[in-house]
J.: 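Following this message is one structure expressed as structure tokens.
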Amino acid sequence: MNREQLASYQPLHVFDEVIFENVVDDLVTKGFSIQENGLPDFITQALLSCQKAISEAEYKRAGIGRAENYQQAEKVRGDEICWITGSSQEGALWLSWCEAMQLYINRSLFMGLFSFESHFACYEPGKFYKRHVDAFKGQGNRVLSLVAYLNDKWQEDDGGELVLYADESDETGTKILPTKGTFVVFLSEAFPHEVLPAVRTRHSVAGWFRVNGSVNDNIDPPR
Ligand code: OGA
Ligand code: MN
């Protein structure tokens with residue numbers, strides 16, 4: 001390598017695969033995985049520094065399509081989101097960690113995960129996301145959901161739990177506190193879930209691994 005090549009050389013990150021193995025084991029036995037303190041510290045720090053750099057103006061009300069009515073959407077979800085593009089080093093590090101997880105899962109489970117997309121979400125006090133599924137059978141191509149949390153010292157009294165339901169008929173679910181360092185992975189079509197209102201501002205990252213799909217001969221069209 002000459003000096004110029006050396007200057008632009010991006011080393012491939014080597015990530016600890018133990019956490020990916022734990023996720024794979026859980027996916028095989030339960031279809032979901034809750035990893036408290038599962039985010040490597042440098043990934044949490046990268047996400048936090050990214051999240052803190054986002055200005056108010058960059059957060060957009062989620063779920064407000066052109067055809068949608070503000071009041072209707074507000075009844076379902078009240079979060080504001082900002083997509084992660086990887087334009088910052090920290091954003092790129094997060095995406096490369098997720099890509100490493102994608103490769104690990106594909107090698108272990110042959111899931112054929114093809115791409116990943118993710119956004120920051122901010123829920124102001126009182127905001128929520130009603131029970132929903134991230135993908136409908138036979139539609140779209142989100143197959144695996146990932147949510148990671150960035151909130152210091154989150155207490156039970158703060159609310160804002162993610163509730164993950166085992167199936168359509170489950171009314172009890174499993175509650176997960178959105179504590180910094182925790183991440184959750186689950187099969188997108190299988191688990192209805194919701195975000196309960198919180199008394200504090202709640203920061204999370206939601207992401208989806210997709211399989212390849214085509215619509216009108218467009219390979220892997222954006223959603
Ligand atoms: C979502 C979602 C859960 C969370 O954005 O689809 O379900 O805990 N998020 O933030
Ligand atoms: Mn969801």
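Quick note: residue numbers are just sequence positions, from 1. Order of listing sets the numbers, starting from 1, for every ligand and every atom in it.
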J.: Quick check on the 6.0 Å ring-centre criterion: do Phe183 and Trp97 meet it?
T.: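 Ring centres of Trp97 and Phe183 closer than 6.0 Å.
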J.: Determine whether the side chains of Glu99 and Ser96 contain a donor N or O and an acceptor N or O closer than 3.5 Å.
T.: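 There is no such pair between these side chains.
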J.: Shortest non-hydrogen contact from Thr201 to Asn151?
T.: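 Scanning both residues, the minimum pair turns out to be O-OD1, 3.9 Å.
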J.: Quick one: nearest non-hydrogen protein atom to atom 5 (O) of ligand 1, plus distance?
T.: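 That would be Ala206 CB, 3.7 Å.
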J.: Which atoms of ligand 1 are found less than 4.0 Å from any heavy atom of Leu162?
T.: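 The list of qualifying atoms is 3 (C), 8 (O).
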J.: If you take the nearest heavy atom of each of His203, Arg142, His193, Arg202, which one is closest to atom 2 (C) of ligand 1?
T.: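 Closest candidate by heavy-atom distance is His193.
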J.: Consider every N or O of His132 and every N or O of ligand 1, then say whether any pair is closer than 3.5 Å.
T.: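 Yes - when backbone and side-chain N and O of His132 are compared with those of ligand 1, one distance drops under 3.5 Å.
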J.: Looking at ligand 1, is there an atom of it that comes within less than 4.0 Å of some heavy atom belonging to Trp208?
T.: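 The answer is yes: ligand 1 sits under 4.0 Å from a heavy atom of Trp208.
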J.: Over all heavy atoms of both residues, which pair between Glu189 and Val133 is shortest? Give the atoms and the distance, please.
T.: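 In this case the closest contact between Glu189 and Val133 is O-CG1, 4.3 Å.
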J.: Output yes when Asp79 and Lys127 qualify as a salt bridge under the 4.0 Å nitrogen-oxygen rule, no when they do not.
T.: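 Looking at Asp79 and Lys127, the cut-off is not met.
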J.: Are Ser118 and Trp94 close enough that a side-chain donor and a side-chain acceptor fall under 3.5 Å?
T.: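 The answer is yes; a qualifying pair exists.
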J.: What's the NE2-the Mn ion (ligand 2)-NE2 angle here (His193, His132), rounded to 10 degrees?
T.: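 With the Mn ion (ligand 2) as the vertex, the angle is close to 90°.
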J.: With nothing but distance in play, are any N or O atoms of His119 less than 3.5 Å from an N or O of ligand 1?
T.: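 No, there is no polar N/O contact under 3.5 Å.
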J.: Can you tell me how the ring of Phe32 sits relative to the ring of Phe191, calling it parallel under 30°, perpendicular over 60° and tilted otherwise?
T.: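 Phe32 vs Phe191 ring planes: perpendicular.
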J.: Do Ser33 and Gln35 get their side chains close enough for a donor-acceptor pair, meaning under 3.5 Å?
T.: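 Ser33 vs Gln35: donor-acceptor pair found between side chains.
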J.: Could an N or O of ligand 1 be found under 3.5 Å from any N or O of Tyr149, whether backbone or side chain?
T.: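 The answer is yes, given that Tyr149 and ligand 1 share an N or O pair closer than 3.5 Å.
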J.: Can you measure from CE (Met101) to CZ (Phe15) and round to the nearest 0.5 angstrom?
T.: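 Atom-to-atom, Met101:CE and Phe15:CZ are 10.0 Å apart.
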J.: Need the ligand 1 atom indices (1-based, order shown) with element for anything under 4.0 Å from a heavy-atom of Ser204.
T.: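 Those qualifying, in numeric order: 10 (O).
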J.: Of all the N, O or S atoms in Asp134, which has the shortest distance to the Mn ion (ligand 2)?
T.: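 Going through the N, O and S atoms of Asp134 one by one, OD1 ends up nearest to the Mn ion (ligand 2).
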J.: Which residue and non-hydrogen atom of the protein lie closest to atom 1 (C) of ligand 1, and at what distance in Å?
T.: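 Among all protein heavy atoms, the one nearest atom 1 (C) of ligand 1 is Tyr129 CE1, 3.7 Å.
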J.: Give me the nearest non-hydrogen protein atom to atom 3 (C) of ligand 1 as residue plus atom name, then the distance to 0.1 Å.
T.: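 In this structure, atom 3 (C) of ligand 1 has Val195 CG2, 3.5 Å as its nearest protein heavy atom.
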J.: Any nitrogen or oxygen of Asp79, side chain or backbone, less than 3.5 Å from one on ligand 1?
T.: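 In this structure, Asp79 places no N or O atom under 3.5 Å from an N or O of ligand 1.
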